[in-house]
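Below is one structure, written out as structure tokens, with a few remarks after it.
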Amino acid sequence: MILVSACLLGHKVKYDGGENGQPLLLRYAARGQFLPVCPESAAKLPVPRPPVELQGGTGEAVLAGRAVVRDTEGADRTAAFRRGAKSVLAVAKRYQAQIAILKENSPSCGVHQVYDGTFCRRKIDGQGVAAAQLAAAGLRLYSEKDLTEELLLALLAEDQAADERLVDRKSVV
Ligand code: SF4
């Protein structure tokens, strides 16, 4: 299975109650190889909720306890974001997922860039909290901005081959 940010598959889980449905992913969703995940929903954060940004560092620093997650009202959401990241990692392990396609710039899911913590729409290089957790566990991450149809088809084929190897191994045992 390929982990995909649920909002990219049209789930209305964004902080403002919306979604980020991505046409290419939606076109291939019927193949049944995408596993929708939303770290913030997994942490039981409500929809809608105030937007948050990472302050003092990116996702890796949040996991290491060197940065925090704060919303526009000043509430500290660090614990919830770490919890959500762990939940998504547990799902990845359960399904032996090797690949994740995640929403760029999100404080949870951002793959290449996140907002800088000032709520001024400025971006910095680095990953969101859940993305950093998955990357540390060895998953290969892509954002929706990396995707071409050619790349997505290659990822789907790779995922299918990995699943077939798993089934073969189980039938030998
Ligand atoms: Fe989408 Fe990730 Fe934000 Fe959930 S946490 S709404 S999946 S970007």
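First listed ligand is number 1; within each ligand, the first listed atom is number 1.
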Point to revise | For atom 4 (Fe) of ligand 1, the protein heavy atom that lies nearest, with its residue and separation | key: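 The protein heavy atom lying closest is C38 SG, 2.4 Å.
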Provide the number and element of each atom of ligand 1 under 4.0 Å from a heavy atom of [X].
X	result
S106	3 (Fe), 8 (S)
K14	6 (S)
V13	6 (S)
K103	8 (S)
E40	3 (Fe), 5 (S)
P39	2 (Fe), 5 (S)

Hydrogens and angles aside, do [X] and [Y] bring a side-chain donor and acceptor to less than 3.5 Å of each other?
X	Y	answer
T58	Q127	no
Y115	R121	yes
H112	D146	yes
Y28	E149	yes

Review point. Are V37 and ligand 1 in contact, using a heavy-atom cut-off of under 4.0 Å?
Key: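 Right, V37 reaches ligand 1.
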Practice item. Examine C109 and say whether one of its N/O/S atoms is closer to atom 2 (Fe) of ligand 1 than 2.8 Å. Key: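 True for C109.
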Point to revise | CD/E53: more than 12 non-hydrogen atoms of other groups inside 6.0 Å | key: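 For E53, atom CD is crowded (more than 12 foreign heavy atoms under 6.0 Å).
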Point to revise | Minimum non-hydrogen distance to atom 1 (Fe) of ligand 1, winning option of S108, A131, C7, A6 | key: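 Among S108, A131, C7, A6, the closest heavy atom to atom 1 (Fe) of ligand 1 comes from C7.
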Review point. Does a side-chain N-to-carboxylate-O contact under 4.0 Å join E73 and R49?
Key: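 Between R49 and E73 there is no salt bridge, as every charged N stays at least 4.0 Å from the carboxylate O atoms.
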**Study point:** Test log, rule salt bridge (charged side-chain N to carboxylate O under 4.0 Å, His left out), inputs E144 and K103
**Key:** CA-CA 6 Å; E144 81 283 8; K103 176 72 186 75; 3.2 Å; yes
